Protein chains: 2
Amino acid sequence: MEKRDQPNDEEAILVAETFKLLGDPSRLRIALAVMEEPVAVGAIAERLDLSPSLVSHHLRLLRAARLVRPERDGRTVRYSIHDHHIEHVVKDMLDHIREGDRS
Amino acid sequence: MEKRDQPNDEEAILVAETFKLLGDPSRLRIALAVMEEPVAVGAIAERLDLSPSLVSHHLRLLRAARLVRPERDGRTVRYSIHDHHIEHVVKDMLDHIREGDRS
DNA sequence: TCTATATATGAATATATATACATATATAGA
DNA sequence: TCTATATATGTATATATATTCATATATAGA
């Protein structure tokens with residue numbers, strides 16, 4: 001990592017807060033669930049067997065950190081992953097833990 | 001994200017646990033501090049103004065998740081970032097939060 | 001072996017937070 | 001407007017965990 005990329009403490013805290021959001025199993029599963037295409041809140045809840053309320057709470061946090069992006073269509077709101085950075089972050093981390101399978 | 005990359009729930013939990021480790025400001029700062037070169041535990045503690053005990057506790061977690069790698073040299077143990085995956089993960093997340101500066 | 005220093009570990013606790021439950025808001029259709 | 005449905009929000013609480021303090025282990029040098 002080059003010196004110019006070294007975040008100051010304020011940035012470090014922001015980055016940590018964002019990692020923390022992906023550090024909860026429910027929220028990570030939600031992020032994964034909306035990675036291929038926009039999915040409605042209720043559909044996420046069903047697929048992951050979580051209450052719509054809980055999903056909505058989590059989506060609010062993910063939305064605030066720009067990890068997911070909402071699009072309203074009548075009564076339903078569909079969420080999708082916000083951008084490619086997030087996809088890369090998750091993919092790289094998945095690669096990392098898969099390399100640890102040598103047991 | 002391709003279908004073949006979709007982690008099962010067990011993998012998702014592992015990934016989330018790893019994100020959670022980077023989701024604490026102290027641990028993230030530690031990870032950043034060892035990103036350029038191996039750094040001794042005491043030196044990390046001084047640079048980040050944390051107690052050596054706390055740094056050691058955190059390093060144990062980071063080590064267990066293969067986020068950092070130790071190398072002993074006499075009485076001192078120097079830690080460095082484990083591999084390039086982790087560097088990429090942190091870099092991409094840093095890029096992400098920096099894009100949010102439009103305020 | 002004895003001492004000093006670097007790192008690691010164990011246990012206690014204050015704080016943070018994921019979840020559940022109740023309630024509110026928003027939109028569509030009748 | 002009234003009803004039904006999809007999301008969102010407020011609050012309470014059980015659980016997780018970051019940190020501190022005390023103690024242990026490991027290595028180097030005398």
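What you see is a predicted model, and the numbers here were worked out from it, not measured in a lab. All values below were derived from every heavy atom in this structure, side-chain atoms included, with hydrogens, water molecules and symmetry-related copies excluded. Letters A, B, ... are given to chains in the order of the sequence lines, protein chains preceding strands, and every chain is numbered from 1.
For B/Asp9 and A/Arg29, the salt-bridge test passes: some basic side-chain N is under 4.0 Å from an acidic carboxylate O. One finds no salt bridge joining A/Asp24 and B/Lys20 here, because no Lys/Arg side-chain nitrogen approaches an Asp/Glu carboxylate oxygen to under 4.0 Å.
DNA chain D is contacted by both A/Arg63 and B/Gly74; A/Arg63 maps to the nucleotide lying nearer its 5′ end (nearest heavy atom per residue). Two residues, B/Leu61 and A/Val41, neighbour DNA chain D, and the one matched to the more 5' nucleotide by heavy-atom proximity is A/Val41.
Of the side-chain N and O atoms in B/Tyr79, one or more sit less than 4.0 angstrom from OP1 or OP2 of C/dA8.
You'll find a donor-acceptor pair under 3.5 Å spanning the side chain of B/Ser53 and the base of C/dT9, going by distance alone.
Within 4.0 Å of A/Ser56, counting heavy atoms only, lies at least one base atom of the nucleic acid. Among the atoms of the strands shown, only primed sugar atoms or phosphate atoms (P, OP1, OP2) are found under 4.0 Å from some heavy atom of B/His58.
Judged by distance alone, the side chain of A/Asp83 and the main-chain N or O of A/Ile86 form a donor-acceptor pair under 3.5 Å. Put simply, the side chain of A/Arg69 gets close to the backbone of A/His82: a donor and an acceptor are under 3.5 Å apart.
When distances run from any side-chain atom of B/Arg60 to the nucleotides C/dT19, D/dA4, C/dG10, the shortest one goes to C/dG10.
The stacking criteria are not both satisfied for B/His57 over the base of D/dT19, which would need a centre-to-centre distance under 5.5 angstrom and an angle between ring planes under 30 degrees.
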